[in-house]
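Predicted model, so just to flag it, every value in this text is computed and none were measured. Atoms within each ligand, like the ligands themselves, are counted from 1 in listed order.
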Amino acid sequence: MYKVYLKSGKEESLKRFHPWVFSGAIAHFDGEPEEGEVVEIYTSKKEFIAKGHFQIGSIAVRVLSFHQDENIDSDFWKRKLSIAYEMRRSIGIAENPTNNTYRLVHGEGDNLPGLIIDIYARTAVMQAHSAGMHLDRMEIAGALSEVMGDKIENIYYKSETTLPFKADLYPENGFLKGGSTDNVAMEYGLNFHIDWLKGQKTGFFIDQRENRSLLERYANGRSVLNMFCYTGGFSVYAMRGNAKLVHSVDSSAKAIDLTNKNIELNFPSDSRHAAFAEDAFKYLDRMGDQYDLIVLDPPAFAKHRDALRNALQGYRKLNVKAFEKIKPGGILFTFSCSQAVSKENFRTAVFTAAAMSGRSVRILHQLTQPADHPVNIYHPEGEYLKGLVLYVE
Ligand code: SAH
């Protein structure tokens with residue numbers, strides 16, 4: 001196995017179990033590893049400290065193990081996937097009769113940096129974010145079949161857009177197992193069509209499950225605007241929560257089709273719902289003041305640290321419009337899913353927006369990602385979803 005030697009002092013973060021080695025921390029290589037290969041990491045004093053997938057880029061190694069004698073083989077994948085499954089079973093997320101939509105593997109949060117596996121009923125959608133996970137995909141799929149047994153019939157691999165283009169890998173999306181086109185899955189007793197073939201991410205934003213469920217509790221008798229609705233998740237929960245009316249808005253016509261299909265699946269011919277394909281800012285400008293529950297769940301405004309300023313401005317502009325128009329006594333669910341935007345940054349942007357509108361605003365809840373998207377305590381960067389539920393007088 002190839003060896004990577006760190007510069008003096010650069011082992012500190014690994015000693016605290018942080019799972020990344022930045023390229024700037026590397027003194028030299030022993031040999032010339034290929035992208036995606038497993039390499040051993042040594043301190044400047046030539047002591048073993050970790051092993052992981054090598055990749056060309058600013059994150060040079062993603063750590064898989066801190067034990068020299070732990071081989072990265074099919075037993076390793078089986079062990080890791082079993083731990084991930086058992087955690088979700090023991091907290092009532094897997095093997096739940098009302099819910100078969102959950103994240104089984106959340107990258108660093110499950111000590112598997114670069115790997116995402118989402119479960120939709122009998123289909124697992126697997127996504128590689130590193131060259132190493134891509135190269136190991138068949139072994140991982142085999143381990144997944146063994147761990148899940150007959151609970152899983154299909155494994156769909158979806159990494160065409162998630163691998164670094166520099167890696168020269170060009171993976172094709174497709175089934176590694178099975179091939180079912182039955183794509184309806186259940187989340188807390190509600191049914192959703194999951195578009196894993198063409199949809200964003202693995203087809204659905206599972207990470208909003210608990211927050212959608214909270215919204216259901218507040219929807220009774222309210223007029224709801226679900227802005228950036230995508231597949232209509234928040235809208236379907238608002239309908240079940242007895243909202244007076246629900247309007248879903250997304251700039252993508254495909255998202256609006258999906259939303260209408262999902263409403264129809266759960267609440268056929270229910271005239272309380274309408275969906276509009278329109279830009280968020282335009283809609284917020286032209287709409288009246290009929291809404292007393294508004295959801296703002298925009299795409300990640302900052303994909304990178306250097307886009308932070310613009311992103312915060314975007315959040316501020318968006319939230320000002322909602323504060324200005326929401327009915328007195330209204331409730332605003334506002335989110336950021338940008339990893340580069342901290343909880344404090346987001347709160348400051350929303351605070352500024354509230355002050356600009358002059359409304360009296362109280363924080364009712366501070367929201368984050370659910371337990372099937374766990375944060376590795378040694379990798380705080382993994383906490384990406386931030387939300388506030390606000391009461392606007
Ligand atoms: N709330 C959703 C996830 C939102 S993803 C859920 O719970 O599943 C973000 C969505 O914002 C995408 O569907 C994207 O099409 C939409 N979007 C991006 N830019 C937009 C804009 N300027 N106006 C309206 N929608 C936009």
Side-chain angles (χ1 to χ4, degrees), residues 99 101-103 118 120 125 161 183 185-188 190-196 198-216 218-219 224-241 243 246-263 265-266 273-287 293-303 307 310-311 313-322 332-339 341 367-370 372-373 384-389:
N99 189 74
T101 302
Y102 61 93
R103 178 156 289 190
D118 286 341
Y120 299 113
V125 182
T161 58
N183 70 344
M186 188 188 279
E187 190 183 83
Y188 285 165
L190 295 164
N191 293 311
F192 290 93
H193 291 282
I194 313 292
D195 185 6
W196 55 68
K198 297 248 157 56
Q200 300 181 47
K201 301 219 187 174
T202 63
F204 196 64
F205 285 72
I206 303 175
D207 56 2
Q208 288 286 24
R209 180 183 57 240
E210 304 303 324
N211 303 332
R212 292 193 270 255
S213 183
L214 180 66
L215 173 125
E216 180 179 352
Y218 289 123
V224 177
L225 170 63
N226 179 13
M227 183 54 78
F228 308 98
C229 63
Y230 187 38
T231 55
F234 282 102
S235 306
V236 176
Y237 279 76
M239 296 287 282
R240 189 167 67 178
V246 180
H247 288 168
S248 307
V249 178
D250 198 290
S251 57
S252 145
K254 265 207 74 189
I256 294 302
D257 283 350
L258 275 167
T259 294
N260 283 328
K261 266 174 87 177
N262 285 330
I263 293 280
L265 189 62
N266 295 279
H273 181 260
F276 309 97
E278 196 171 333
D279 174 74
F281 289 89
K282 286 195 183 134
Y283 188 88
L284 290 166
D285 273 339
R286 78 166 173 86
M287 75 183 197
L293 204 175
I294 297 180
V295 182
L296 298 176
D297 184 23
F301 281 165
K303 294 245 158 66
N310 283 345
Q313 236 170 55
Y315 290 119
R316 203 187 63 216
K317 278 192 194 155
L318 192 64
N319 282 277
V320 169
K321 289 186 196 292
L332 175 63
F333 279 65
T334 184
F335 295 97
S336 163
C337 60
S338 302
Q339 197 153 356
V341 174
L367 306 178
T368 183
Q369 63 220 53
D372 52 341
H373 295 59
Y384 69 98
L385 184 62
K386 296 149 290 274
L388 293 169
V389 181

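Atom 12 (C) of ligand 1 has Q200 NE2, 3.2 Å as its closest protein atom, hydrogens excluded (heavy atom only). Annotation: atom 5 (S) of ligand 1 to nearest protein heavy atom, F205 CZ, 3.7 Å. The nearest heavy-atom contact from the protein to atom 4 (C) of ligand 1 is F228 O, 3.2 Å. Among all protein heavy atoms, the one lying closest to atom 10 (C) of ligand 1 is D250 OD2, 3.5 Å. Summary of contacts: the protein heavy atom closest to atom 3 (C) of ligand 1 is D297 OD2, 3.5 Å. What sits closest to atom 18 (C) of ligand 1 on the protein, heavy atoms only, is P299 CG, 3.5 Å. With respect to atom 23 (N) of ligand 1, the closest heavy atom belonging to the protein is A280 N, 2.8 Å.
Inclusion of G233 in the set of residues having an N or O under 3.5 Å from an N or O of ligand 1 is not warranted. Inclusion of F281 in the set of residues having an N or O under 3.5 Å from an N or O of ligand 1 is not warranted. For ligand 1, the polar-atom distance check finds no N/O of Q208 at less than 3.5 Å from any of the ligand's N/O atoms. For ligand 1, the polar-atom distance check finds an N/O of R212 within less than 3.5 Å of one of the ligand's N/O atoms.
Of the listed options S252, A253, S251, S251 places a heavy atom closest to atom 24 (C) of ligand 1.
K254 and D195 are joined by a salt bridge, as a carboxylate oxygen and a charged side-chain nitrogen come within less than 4.0 angstrom of each other. We find that R240 and E216 are joined by a salt bridge, their nearest charged nitrogen and carboxylate oxygen being less than 4.0 Å apart.
Heavy atoms of K282 come nearer than 4.0 angstrom to ligand 1 in no pair at all.
Y315 and T334 share no donor-acceptor pair across their side chains, judged by distance under 3.5 Å alone.
Using a 4.0 Å cut-off to heavy atoms of D279, the atoms of ligand 1 that qualify are 21 (C), 22 (N), 23 (N).
Atom CG of N99 is separated from atom CG of L190 by 10.0 Å, given to the nearest 0.5 angstrom.
Taking the six-membered ring for Trp and thresholds of 30 and 60 degrees, Y384 and H373 have ring planes inclined between 30 and 60 degrees apart.
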For S248 and T259, run side-chain hydrogen bond (donor to acceptor under 3.5 Å, both in side chains): C-alpha distance rounded to whole Å, both residues' side-chain angles, the deciding distance at 0.1 Å, then the answer. CA-CA 8 Å; S248 307; T259 294; 5.3 Å; no
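A distance of 6.0 Å or more separates the ring centres of F205 and F228.
By the criterion of a heavy-atom distance under 4.0 Å, neither the backbone nor the side chain of Y283 is placed next to ligand 1. With a heavy-atom cut-off of 4.0 Å, M227 does not touch ligand 1 at all.
With hydrogens and angles disregarded, no donor-acceptor distance shorter than 3.5 Å links the side chain of Q208 to the backbone of F234. Counting only distance, with no hydrogens or angles, the side chain of D372 and the backbone of R103 share a donor-acceptor pair below 3.5 Å. Between the Y230 side chain and the Q200 main chain, a donor and an acceptor come within less than 3.5 Å of each other.
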